Amino acid sequence: MATKLSNNSRMIVAFAGIVVIGGGAYMAGKYFPPKGNVSGTIAPAERYRSAQVSASDVDLGDNTVPLLMQTDAFELMVKNPSFRAMATDANFMALAQNPQAMAAMAQNPKAFAALAKDPQAFAALARGANAFQAQSGAANASNAQAFSAMAQNPQAFAAFAKQPQAFSAMAAHPQAFAAMAKYPEAFEAMARAPQAFAQFAGNPQAFAAAAANPAAMPAMAGHAQAFQALARDSQAMAALSSDAQAFDAMSRAAAAFQALAGDAQAFRAAASAQAFEAMARAPQAFQALAANPAAFQAAAKSAEAFQAQGAAAGMNAQSFAALGVNAQAFSVMAQQPQAFAAMARAPQAFAAMAAHPQAFAVMAKNPNAFAQFSSNPQAFAAAAANPSAMPAMAGHAQAFQALARDAQAMSALTSNPQAFAALGQNAQAFQALAANPQAFAQMASAQAFQALAANANAFQALAANPQAFAAAARAAYAFQATLAASQAMSSQAMTGNAMGANFNAQAFQAMAANPQAFAAMAQAPQAFAALAANPAAMAGLAHNAQAFQAMASQPAFAVLASNPAFAAMLADPGFSKALNAS
């Protein structure tokens, strides 16, 4: 700016700029390196050099803040018109004071910019996100099966989503429709004339006789071979005899089945025996989706996005399933790609740490203190057994002693001491993960790390494509969140489900339109609850919606806004000077 800013304006500018500065630390070395003997994807620019922040102002244990002001990301943002517009808004200061919410929103600014226009829906989603965290692990496991099915059969479920009444009938009778789908020509004939087959609901033996002699029934006669093949399949006929009400369900949704059959391409996609078999393995999840067409359509879109991103990242069937089952954990890992890459290279060692999450959190918060053990893992074993001798361990003595007694975990760490070096080499990324205790607890899942270890090559390949991995992980978690909300709404009337109580039709519509935003809220529900209750912060987001959305195309914004150090930057007057100088 050519003119001098007032003291108040300087403070506003300093605060808002710091928000964007924060995230650079964890990926600064990868995408936006500081000036020096390193290279980056952006040509180095002349830096503003700030004064060193004193120890009393920032307790990060290193020179993170001044280094951030030496990055290309900082230089880009301080000159970015959209960011500068936000930096001059006093309400944006209130938004910047919520680092966890800011970091989550930086991952998907477009979705949050849209939500900011509807504060009531935003608040309802925040309440629902908090309740989502309380959903049972068993329900999430069932939902993961549903997600895996939809991700592996996206075309089939996209076709189902076009005809929700037909899908509802199929979800209620998956085994019977799986039997039909094995013979798609016969299935199509039944879908075209469902009322002609309704008579068999009360007499499945009559259907078996008719299928064996299809010439006697006009609706079958044109597809005689298909029905005869069905009649010879004892397993399929047993499924239809056991659930003959499927014929009645088709008749009750005749128009929907006829519309589905009228689209040859959609019907071919829908007539997937694999998809129906998958529905049979997770009936409650699919029945909940069937009861809420908007949720089903949103879930189908998330599954399609996951499949596309997973294919782009080179995922195999095993990694598809592993990510789907552990969507919450992997979506947190994806926020810090350098940390994820490190964990993917030494999965057994990090699985050992994750088996003791409290100790793992301490190591993630103090990675440099533990890097020394990379060359002497026996020293780590001794220190863990006597944690009072090491300041970083002393405050969590019981957790480290439990780790020291775990022979299997200690063997994994001794065999893979490079994990300690990886902590130190990616210190800022691990510290960023540990800065959000709730998200870190979600990530430190022994099951997720076991899946990581069991599919090491696949996840190492994913680590090489962090954007595709992050998109796939968000899509998987968005599916989980969508399905959980749908289940909660369907059970609210009967059980008083807390999550369902926090969703009205308007809020659910907003969630269905922005499932990834809701998933991001679920990773930091308390932070978003505080944000929703802060009118100034919400005004800052709404007033700057256009500028915030423009940030979606700026990787530097996500990098900077996701770093736990950005709050410390608020104490540095150098940013306002840099803004004036630009």
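Treat the numbers as computed from the prediction; the structure is a model and nothing was measured. If you read the sequence from its start, that first residue is 1, and numbering goes on from there.
- Side-chain atoms of Asn153 never come within 3.5 Å of backbone atoms of Ala156 as a donor-acceptor pair (strictly under, hydrogens ignored).
- Residues satisfying the side-chain contact (heavy atoms from CB on, under 4.5 Å) criterion with Gln372, sequence neighbours excluded, are Met390.
- Side-chain N or O atoms of Asn426 include none that pairs as donor or acceptor with a backbone N or O of Ala339 at under 3.5 Å.
- Remark: Pro154 engages Glu304, Gln307 in a side-chain contact (heavy atoms from CB on, under 4.5 Å) (not counting sequence neighbours).
- Contact record, Pro164 with Ala161: CD-O, 3.8 Å, taken as the closest heavy-atom pair.
- Formation of a donor-acceptor pair under 3.5 Å by the Asn436 side chain with backbone atoms of Ala439 is found in this model.
- Separating the CG atom in Asp72 from the CE atom in Met77 is a distance of 11.5 Å, to the nearest 0.5 Å.
- Using cut-offs of 30° and 60° on the angle between ring planes, the pair Phe340 and Phe469 is parallel.
- Shown here are the side-chain hydrogen bond (donor to acceptor under 3.5 Å, both in side chains) partners of Gln546, two or more places apart in sequence or in another chain: there are none.
- At a threshold of 4.5 Å between non-hydrogen side-chain atoms, the residues Pro367 and Gln431 count as touching.
- Gln297 CD to Leu289 CG: the interatomic distance, rounded to the nearest 0.5 Å, is 11.0 Å.
- Residues passing the side-chain contact (heavy atoms from CB on, under 4.5 Å) test with Gln425, sequence neighbours excluded: Ala421.
- Shortest non-hydrogen contact noted between Pro437 and Gln100 is CD-NE2, 3.9 Å.
- The line from CG of Leu541 to CE of Met105 is 5.5 Å long, rounded to the nearest 0.5 Å.
- Between Phe360 and Phe440, a ring centre-to-centre spacing shorter than 6.0 Å is recorded.
- How far CD of Gln336 is from CE of Met343: 9.0 Å, rounded to the nearest 0.5 Å.
- Of all the heavy atoms in Gly424 and Asn368, the pair that sits closest is O-OD1, 3.6 Å.
- For the pair Asn91/His543, no side-chain contact is recorded, criterion being any heavy-atom separation below 4.5 Å from C-beta on.
- Shown here are the side-chain hydrogen bond (donor to acceptor under 3.5 Å, both in side chains) partners of Gln447, two or more places apart in sequence or in another chain: Asn326.
- The two residues Met521 and Ala126 come nearest to each other via the heavy atoms SD-N, 3.8 Å.
- Distance check: Met443 CE to Ser331 OG gives 11.0 Å after rounding to the nearest 0.5 Å.
- Nearest heavy-atom pair, Asn98 versus Ala530, reported as atom, atom and distance to 0.1 Å: ND2-CB, 4.2 Å.
- The structure places CD of Gln328 at 3.5 Å from OH of Tyr477, a figure rounded to the nearest 0.5 Å.
- When all heavy atoms of Met150 and Phe157 are compared, the pair lying nearest together is CA-CD1, 3.6 Å.
- Partners of Ala322 under the side-chain contact (heavy atoms from CB on, under 4.5 Å) rule, at least two apart in sequence or in another chain, are Ala451, Asn455, Phe459.
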### Message
side-chain contact (heavy atoms from CB on, under 4.5 Å) for Met363 and Phe420? Distances and angles first, verdict last.
### Response
CA-CA 9 Å; Met363 289 187 271; Phe420 293 114; 4.2 Å; yes
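- Using modelled atom types, one side-chain atom of Gln460 and one backbone atom of Ala344 make a donor-acceptor pair closer than 3.5 Å.
- Counting heavy atoms from C-beta on, the side chains of Phe160 and Gln155 never come closer than 4.5 Å.
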